[in-house]
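Reviewing the structure listed below.
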Protein chains: 2
Amino acid sequence: MEVREYKRDEWIIREGMRPDYLYYVIEGKAKIYVTYQNGKVSLINFINAHDYIGEMELLHEVYYTKGIQASAKTVCFEIPLHHYRKKLLEDTTFLRELTKFLSVKATKMAEKYSQGLSFPLENRLADFILQTADGDVYKEKHVTVCDFLGVSYRHLLHVLVQFCEKGYLQKEGRHYHIRQPDDLHRLADVLKNE
Amino acid sequence: MEVREYKRDEWIIREGMRPDYLYYVIEGKAKIYVTYQNGKVSLINFINAHDYIGEMELLHEVYYTKGIQASAKTVCFEIPLHHYRKKLLEDTTFLRELTKFLSVKATKMAEKYSQGLSFPLENRLADFILQTADGDVYKEKHVTVCDFLGVSYRHLLHVLVQFCEKGYLQKEGRHYHIRQPDDLHRLADVLKNE
DNA sequence: CCCGAAATATGAGATATCTCATATTATTGT
DNA sequence: ACAATAATATGAGATATCTCATATTTCGGG
């Protein structure tokens with residue numbers, strides 16, 4: 001097993017390249033991207049500390065590998081598959097652990113789905129900004145964001161302007177500086193309770 | 001292992017009652033409900049043929065069991081846990097199978113989440129109607145539906161009236177008769193491609 | 001260095017959806 | 001059988017969000 005560190009924007013896995021390792025994230029955060037037939041690239045999900053990466057490739061013989069990019073400094077354990085694949089798939093302790101991880105993930109996504117629909121962009125964007133920020137700098141491409149959040153470009157800009165007017169963010173060139181993280185957290189937290 | 005059949009509206013698992021079996025759905029469909037502290041009951045997800053039920057209870061020592069109700073005739077394999085729990089958790093073939101199932105489920109939910117937000121109620125409601133209908137009869141409670149779809153009661157009614165005006169549905173008492181399933185499928189399919 | 005494509009911006013009008021107010025039925029407990 | 005509560009309905013005005021049109025700026029390739 002190896003330990004490796006990735007910098008912000010570094011690719012942990014390149015899309016389409018079946019990975020040679022099973023990864024376990026110790027620290028950091030990353031984004032999952034996929035490219036569609038028409039060439040459009042979409043952000044589809046996040047990865048955080050204590051998540052596995054590459055488990056789909058471990059489990060499924062045929063699986064289209066998605067791209068994974070660090071969105072802040074990220075540290076992983078990396079287990080070489082060519083050597084340990086067979087062992088892992090026969091290790092009941094590991095399988096139980098992975099099954100638990102996946103069951104929790106599936107449940108969380110289901111919750112997110114059935115709730116997330118309800119809230120206005122203001123709340124979902126606050127959550128998104130906090131999830132993707134590197135320290136106090138937010139610099140995602142608007143195009144990617146409105147695709148991920150399922151909202152029009154126009155409206156995204158509109159809400160970002162509001163955040164700046166309220167002082168939550170400050171625009172600096174083409175990045176945004178997070179000035180009042182507490183206010184963003186307050187908005188994002190609305191998504192989490194019921 | 002036993003085989004059992006449930007009728008529409010019959011409870012497969014009662015909320016809060018840890019199940020005695022691991023279930024595998026051979027045929028049919030069901031709904032997952034949870035009751036919150038304030039007493040509100042929410043529909044949170046669906047179960048279809050080839051899904052497992054009760055795997056969360058098998059895997060996690062502490063887990064709050066949600067209610068599961070058949071929404072059409074449903075047939076399950078049922079494996080008694082008191083006898084087979086230990087065996088299942090040490091059976092690598094079974095664990096691999098379950099892990100695959102959960103990984104697919106998690107991925108599907110993530111997709112649904114990142115896409116589902118985008119579409120107007122018209123599309124999501126069409127999908128919902130087809131998923132919950134028993135034959136050609138749709139009879140979910142409006143209150144439950146607008147909670148699940150994250151939409152206001154007022155707006156749900158508005159769109160249902162439109163569906164009736166367009167002839168997709170026909171209101172009969174407090175149920176709806178599906179008259180043009182093809183049109184509903186056309187609307188629902190929009191959710192599925194990219 | 002220039003070009004074209006992609007990304008960023010901004011305005012204005014159209015829809016989708018929400019909130020609130022208010023009636024009219026079902027359902028349920030007593 | 002009655003009252004209380006939940007579910008169904010409907011209207012009207014307020015917001016959130018979309019679509020389209022159009023400029024400006026950034027960026028990679030030749």
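Here is the naming used below: chain letters follow the sequence lines, and residue numbers restart at 1 for every chain. Source: prediction; values computed, not measured.
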Fill in: Nearest-neighbour nucleotide for the A:Pro120 side chain, D:dT17, C:dA7, D:dT8 considered
D:dT17
Item to complete: Figure out the CG/P separation between B:Leu187 and C:dA16, and round it to whole Å.
Response: 13 Å
Practice prompt. Assess the side chains of A:Thr92 and B:Thr92: does a donor N or O sit below 3.5 Å from an acceptor N or O?
Written response: no
Practice prompt. Could you check A:His175, A:His177, A:Arg179 and say which one makes a side-chain hydrogen bond (donor to acceptor under 3.5 Å, both in side chains) with A:Gln170?
Written response: A:Arg179
Item to complete: For A:Phe119 and D:dT17, give me the distance from atom CZ to atom C1', rounded to whole Å.
Response: 17 Å
Worksheet entry | Any donor-acceptor N or O pair under 3.5 Å, side chains A:Thr65, A:Glu57 | yes
Worksheet item: What closest approach, in Å, do A:Lys31 and A:Ser71 show between heavy atoms, and which atom pair accounts for it?
Response: CE-CB, 3.6 Å
Fill in: d(CG, A:Leu121; C1', C:dC18) in whole Å
16 Å
Response to the item:
residues 150-164 of chain A vs side-chain hydrogen bond (donor to acceptor under 3.5 Å, both in side chains), sequence neighbours excluded, gives none
Would you list the protein and nucleotides 25-29 of chain C atom pairs, both N or O, that sit under 3.5 Å from each other?
none

Fill in: Non-neighbouring partners of B:Asp183 that pass side chain to side chain contact (heavy atoms under 4.5 Å, CB included), sequence neighbours left out
B:Tyr168, B:Gln180, B:Arg186
Worksheet item: Could you give the NZ-to-P distance, from A:Lys139 to D:dT26, as a whole number of Å?
Response: 17 Å
Worksheet, complete the sentence: Here the ring pair (Phe, Tyr, Trp, His ring centres under 6.0 Å) pairs for residues 52-72 of chain A, sequence neighbours left out, are A:Tyr24-A:Tyr52, A:Tyr52-A:Phe101
Worksheet, complete the sentence: Rounded to whole Å, NZ of B:Lys141 lies from P of D:dT8 at a distance of 7 Å
Item to complete: Evaluate the side-chain proximity of B:Arg96 to B:Thr93: yes if any heavy-atom separation is below 4.5 Å, no if none is.
Response: yes
Practice prompt. Send over the distance from A:Phe163 CZ to D:dA16 P, rounded to a whole Å.
Written response: 12 Å
Fill in: DNA chain C-proximal residues of residues 151-158 of chain B, any heavy atom under 4.0 Å
B:Val151, B:Ser152, B:Arg154, B:His155
Worksheet item: For A:Phe46, which residues count as a ring-ring contact (aromatic ring centres under 6.0 Å, His included) partner, sequence neighbours excluded?
Response: A:Phe128, A:Phe148
Discussion item. If I take atom CG in residue A:Leu125 and atom P in nucleotide D:dA16, what distance separates them, rounded to the nearest angstrom?
Written reply: 14 Å
Worksheet item: Atom CG of A:Leu160 and atom C1' of D:dT17: how far apart are they, to the nearest Å?
Response: 15 Å
